[in-house]
Amino acid sequence: EVLSDGTTKCLDIDECETGADNCADVGSTCENRNGSFVCACQDGWHGTGTVCTDVDECEDANICPTGKECSNLPGSYTCICPAGEVEADDGTCVDKDECMGANMCDKTRGVNGSFASICINTVGSYTCACSKGWTGDGIQCTDINECTQGWTGFGNCDGVTDSDCNPNDAVGPFDGNLHNCLDNPDSEAKT
């Protein structure tokens with residue numbers, strides 16, 4: 001640069017600002033100096049500054065509080081609850097009740113409105129089991145037709161007709177739990 005008195009003065013070029021530096025693209029800082037620059041790795045990175053490699057903080061087994069797992073991030077880390085657990089307000093990990101949200105248990109509804117399967121919460125997971133009157137693995141349940149298995153008047157016996165009852169009896173209304181044969185004083189109800 002030429003000054004007003006006719007002399008010249010050198011101006012520093014900021015290599016960091018112009019991109020003329022050779023610092024690592026990720027994990028480094030560039031510091032401009034008069035006539036030069038210095039590269040350094042940021043916290044969570046190690047190397048020369050021109051090459052910076054992520055430090056895996058999770059190699060330290062004690063970096064996270066008890067009950068949490070370490071998850072390495074570029075230049076950092078985070079402590080998370082293991083699968084099947086959620087973080088409580090106090091920061092500790094507690095079992096997540098998978099039955100309260102989406103799960104794989106059979107959502108088919110029976111005649112009385114109950115689900116074909118029940119969800120059983122376990123620590124870190126859940127299991128499914130078919131409800132009474134259903135058969136299967138809990139994820140897929142099939143209604144048991146009690147009529148074909150010696151119907152006794154209890155359960156989900158779809159298709160009960162007057163002929164399932166003793167002569168002169170009639171099928172009573174479904175009360176939410178069972179079908180009954182209406183007693184005729186002159187005959188015995190099926191049991």
Side-chain angles (χ1 to χ4, degrees), residues 1-110 113-132 134-143:
E1 167 181 25
V2 177
L3 301 176
S4 60
D5 65 0
T7 59
T8 59
K9 176 183 172 186
C10 294
L11 294 176
D12 179 50
I13 296 172
D14 187 342
E15 295 87 358
C16 300
E17 196 65 35
T18 63
D21 66 272
N22 63 344
C23 298
D25 291 335
V26 177
S28 72
T29 58
C30 180
E31 182 183 326
N32 188 54
R33 303 264 172 98
N34 276 335
S36 68
F37 61 93
V38 174
C39 300
C41 292
Q42 298 170 340
D43 288 342
W45 300 84
H46 60 84
T48 63
T50 56
V51 175
C52 294
T53 307
D54 178 44
V55 173
D56 186 354
E57 295 86 356
C58 296
E59 288 180 356
D60 176 357
N62 298 317
I63 199 160
C64 289
T66 302
K68 289 199 172 183
E69 297 175 349
C70 184
S71 176
N72 191 50
L73 302 171
S76 185
Y77 70 98
T78 187
C79 297
I80 58 173
C81 293
E85 295 187 10
V86 293
E87 189 169 316
D89 291 340
D90 65 0
T92 60
C93 296
V94 294
D95 180 49
K96 175 184 177 184
D97 187 350
E98 292 84 359
C99 294
M100 296 302 291
N103 60 64
M104 299 292 295
C105 297
D106 193 333
K107 304 289 187 294
T108 304
R109 289 200 180 258
S114 64
F115 287 113
S117 111
I118 57 171
C119 181
I120 303 160
N121 188 50
T122 60
V123 176
S125 189
Y126 68 97
T127 59
C128 301
C130 292
S131 300
K132 185 176 180 182
W134 297 80
T135 184
D137 61 6
I139 294 172
Q140 202 166 21
C141 299
T142 305
D143 182 24

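Residues: numbered from 1 along the sequence shown.
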Which pairs of donor and acceptor atoms, one on a side chain in residues 44-57, lie under 3.5 Å apart (sequence neighbours left out)?
{"unit_1": "T48", "atom_1": "OG1", "unit_2": "T50", "atom_2": "N", "d": "3.2"}
{"unit_1": "T48", "atom_1": "OG1", "unit_2": "T50", "atom_2": "OG1", "d": "2.8"}
{"unit_1": "T48", "atom_1": "OG1", "unit_2": "V51", "atom_2": "N", "d": "3.2"}
{"unit_1": "D54", "atom_1": "OD1", "unit_2": "G75", "atom_2": "N", "d": "2.8"}
{"unit_1": "D54", "atom_1": "OD2", "unit_2": "N72", "atom_2": "ND2", "d": "2.6"}
{"unit_1": "D56", "atom_1": "OD1", "unit_2": "C58", "atom_2": "N", "d": "3.0"}

#### Entry: D106 side-chain N/O to A116 backbone N/O, donor-acceptor pair under 3.5 Å
no
### Message
Tell me every residue that passes salt bridge (Lys or Arg N to Asp or Glu O under 4.0 Å) with E87, counting only those two or more places apart in sequence or in another chain.
### Response
K68
#### Entry: Pairs involving residues 12-25, ordered by first then second residue, that meet side chain to side chain donor-acceptor pair (under 3.5 Å) (sequence neighbours left out)
D12-N32
### Interatomic distance, N103 atom CG to D97 atom CG [nearest 0.5 angstrom]
9.5 Å
### Message
With a 4.5 Å cut-off on side-chain heavy atoms, are T78 and S71 touching?
### Response
yes
### Query
To the nearest 0.5 Å, what is the distance between OG (S125) and NZ (K96)?
10.5 Å
### Summary
From the list I80, D60, I63, side chain to side chain contact (heavy atoms under 4.5 Å, CB included) with C70 holds only for I63
### From CA spacing to verdict: side-chain contact (heavy atoms from CB on, under 4.5 Å), I118, S131
CA-CA 6 Å; I118 57 171; S131 300; 3.6 Å; yes
### Query
Rounded to the nearest 0.5 Å, what separation is found between the OG1 atom of T127 and the CG atom of D137?
11.0 Å
### Message
The criterion is side chain to side chain donor-acceptor pair (under 3.5 Å); which residues satisfy it with D95, sequence neighbours excluded?
### Response
N121
### Sub-2.5 Å SG contact, C30 and C39
no
### Message
Please list all pairs meeting salt bridge (Lys or Arg N to Asp or Glu O under 4.0 Å) that have one or both residues in residues 32-43, counting only residues at least two apart or in different chains.
### Response
E31-R33
### Message
Would V86 and C81 count as a side-chain contact (heavy atoms from CB on, under 4.5 Å) here? Give the steps.
### Response
CA-CA 6 Å; V86 293; C81 293; 5.9 Å; no
### Check SG atoms, C119 and C99, less than 2.5 Å apart
yes
#### Entry: Neighbour count >12 (heavy atoms, 6.0 Å) for atom OH, Y126
yes
### Query
Stepwise, does the disulfide (SG to SG under 2.5 Å) test hold for C16 with C23?
CA-CA 9 Å; C16 300; C23 298; 5.7 Å; no
### side-chain contact (heavy atoms from CB on, under 4.5 Å) partners of A88, counting only residues at least two apart
D90, T92, V94
### Task
Determine yes or no for a side-chain-to-main-chain donor-acceptor pair under 3.5 angstrom, with S117 supplying the side chain and I139 the backbone.
no
